[in-house]
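Here's the structure we're looking at; comments come further down.
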Amino acid sequence: MGDEMSMTTRRTLLAATLGTALAPIVGSVSSMNAAHASTGLSGMVDAVGQGMRPGATSDQGAILNRILKAASVERKPVFLAPGAYLVSNIDLPDFVHLHGIEGLTRLRYGGTGHLMRAENASDVHLQGLVLDGRNRPVGSYVSGLLQTRNTSALIVRNCRVTDSAKHGLSLETTGGSIVRSKFSNAQQSAIYSVQSSGIRIAENDVSNCANGGILVHRWEAGMDGSTIHGNRIRNIRAQDGGTGQNGNGINVFRANNVMVANNWVTNCAFSAIRSNSGSNVQIIGNQCLSSGETAIYSEFSFEGAIVSNNLVDGAANGISIANLDQRGRLAIVSDNLIRNLSPDGPYEGQLAEFGFGIGVEADTVVTGNVIEAAPTFGILIGWGPYLRGIIASNNFIRDSAVGIAVSVVEGASGVQISNNVFQNIRDGAIVGYRWNEATTNDLVKNNADRFDHLTISQNTVM
């Protein structure tokens, strides 16, 4: 009797334990089925029931391709149970909804050709999958673990992408969203999107990539409309070198009307956020920590940039709005907090020194910023003759060698500096420069009327 009761107790305990362990998986599958049922779909295809074997050592790419193709025809989502699956050369047709259990369903790249690719497809959804590149080389015809071209309505949600020999995701002429996913250890960037149609990249975690975090590029300048929002990005190297082509947490290139907002970016070899030739870019509300070069950059041939409400703590330079010589112009730089800058950058400075808080050149308003501990200049206005139409007002600058350095080279025009407050400034609150050489005394205390392009008024020195 005692043994029978003991066996009954053990059976009951085992059943309870298994029930508890399986409940999240069963619940996830049930919730996914319910979600798909609500969209009018008739349930999921069980990939294991169709021949996939978790833990098998042989490449199962052909089996998974067969399952996805059949499910696409029937417009049914596919569920892949927890486990590791060795696969190569997965080609995604129209209407692929492939679901796993987050962190537990792992697609391991077999090492021949590519892991996953979609071309001329639409309505591709990946959820709860781990894409593991195993640092194995991919074919020359792809540049990421997931490669898409001419693909609309791509959704990648709650996935993990790791150990890619190139980019994590490489998306060409693709629209959709990449959300709540984790990217790590890519030998290029985590996400490379080129010529997109308004892709949304939100709430992702990106870490330990060799050359970039999130890249939104175009082959030629044009409307893009992507949003990069609420991502956490850290430890981005510049393994392939350069002076800013690599090593950026977020990089916008030739893509217009992109919004970069509320991201947390730390420990990038160059910039936390770098926009090159991107017009109408908005860089708002980001945390930029420990950048190796300029924390926030809008540079080269752009028209229109708003850089507001960002926090920069630790960088060689804080914010740079540059390249009037390349038609870079028209910006608002407002209400940013910039502190703890360094005079040392990742290469020897060829133009202005490192260690300035904000640098601007053309058609820009700089207002309401707080800058502390800039070892060279709090604000740098102009570079030689590259200076036109600057208002610098209502800024607070403290603990800087020079508060505001302004170009007094022939050809500079249209500068108003007013209502700024300077505290603990060592070498002058407002000083005229000819390139890197200081050529005036403090213009707050001395008559600046000899420079026709300067209007200086109502500044306070503490």
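For the numbers below, each heavy atom of this structure counts, side chains included, while hydrogens, waters and symmetry mates do not. Everything quoted here is computed from the prediction, not taken from an experiment.
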Less than 4.0 Å between a side-chain N and a carboxylate O, is that true for [Y] and [X]?
{"X": "R329", "Y": "E361", "value": "no"}
{"X": "D91", "Y": "R117", "value": "yes"}
{"X": "E410", "Y": "R434", "value": "yes"}
{"X": "R274", "Y": "E299", "value": "yes"}
{"X": "R106", "Y": "D132", "value": "yes"}
{"X": "D205", "Y": "R234", "value": "yes"}

Regarding [X] and [Y], do their side chains bring together a donor and an acceptor under 3.5 Å, going by distance alone?
{"X": "S143", "Y": "H167", "answer": "no"}
{"X": "D240", "Y": "N246", "answer": "no"}
{"X": "S226", "Y": "S196", "answer": "yes"}

Would you say that more than 12 heavy atoms from the other residues, nucleotides or ligands in this model lie under 6.0 Å from the [atom1] of [X], or not?
{"X": "Q458", "atom1": "CD", "result": "no"}
{"X": "K166", "atom1": "NZ", "result": "yes"}
{"X": "R237", "atom1": "CZ", "result": "yes"}
{"X": "R149", "atom1": "CZ", "result": "yes"}

Report the C-alpha separation of M259 and I306 in whole Å, then their side-chain angles, then the decisive distance to 0.1 Å, and conclude whether the side-chain contact (heavy atoms from CB on, under 4.5 Å) test is met.
CA-CA 10 Å; M259 177 173 284; I306 297 176; over 6 Å; no
Sub-3.5 Å donor-acceptor pair from the side chain of [X] to the main-chain atoms of [Y], do we have one?
{"X": "N231", "Y": "N204", "value": "yes"}
{"X": "D442", "Y": "V444", "value": "yes"}
{"X": "T367", "Y": "S393", "value": "yes"}

In the structure I gave you, are the side-chain heavy atoms of [X] and [Y] within less than 4.5 Å of one another anywhere?
{"X": "W435", "Y": "P385", "result": "yes"}
{"X": "N459", "Y": "F422", "result": "yes"}
{"X": "V161", "Y": "L146", "result": "no"}
{"X": "I283", "Y": "N310", "result": "yes"}
{"X": "E172", "Y": "Q147", "result": "yes"}
{"X": "I332", "Y": "T364", "result": "no"}
{"X": "I191", "Y": "L215", "result": "no"}
{"X": "I397", "Y": "N420", "result": "no"}

Could you grab the distance from atom CG of N251 to atom SG of C268, nearest 0.5 Å is fine?
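If we round to the nearest 0.5 Å, N251:CG and C268:SG are 11.0 Å apart.
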Pair L387, L324 - check side-chain contact (heavy atoms from CB on, under 4.5 Å), show working.
CA-CA 8 Å; L387 171 55; L324 174 57; 6.0 Å; no
Go through the steps for L115 and V138 under the test side-chain contact (heavy atoms from CB on, under 4.5 Å), then give the verdict.
CA-CA 8 Å; L115 175 60; V138 295; 5.9 Å; no
Between F451 and H453, what is the ring plane arrangement, given parallel below 30°, perpendicular above 60°, and tilted in between?
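Perpendicular: the ring planes of F451 and H453 meet at over 60°.
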Please work out whether the ring planes of Y347 and F354 are parallel, tilted or perpendicular, with thresholds of 30° and 60°.
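Rings of Y347 and F354: perpendicular, as their planes differ by over 60°.
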At their closest point, which heavy atom of E102 faces which heavy atom of N158, and how far apart are they?
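Distance-wise, the nearest heavy atoms are CG-O, 3.6 Å.
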So, do Y433 and F377 have ring centers that fall under 6.0 Å from each other?
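Yes: the rings meet the under 6.0 Å criterion.
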For residues H114 and Y141, establish whether the separation of their ring centroids is below 6.0 Å.
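Centroid separation for H114 and Y141: below 6.0 Å.
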I'd like to know whether N208 forms a side-chain hydrogen bond (donor to acceptor under 3.5 Å, both in side chains) with S184, so could you lay out the CA-CA distance, the side-chain angles of the two residues, the decisive distance to 0.1 Å, and finally the verdict.
CA-CA 6 Å; N208 302 316; S184 60; over 6 Å; no
S277/S301 under side-chain hydrogen bond (donor to acceptor under 3.5 Å, both in side chains): CA gap, chis, key distance, verdict
CA-CA 5 Å; S277 304; S301 54; 3.3 Å; yes
Go through it in stages, so that I can follow the logic: the residues are T174 and T148, the test is side-chain hydrogen bond (donor to acceptor under 3.5 Å, both in side chains), and I'd like the CA-CA distance, side-chain angles, deciding distance and then a yes or no.
CA-CA 7 Å; T174 293; T148 68; 2.7 Å; yes
Begin with the C-alpha distance, continue with both residues' side-chain angles, and end with the deciding distance and a verdict on side-chain contact (heavy atoms from CB on, under 4.5 Å) for M116 and L131.
CA-CA 9 Å; M116 191 173 284; L131 306 185; 4.3 Å; yes
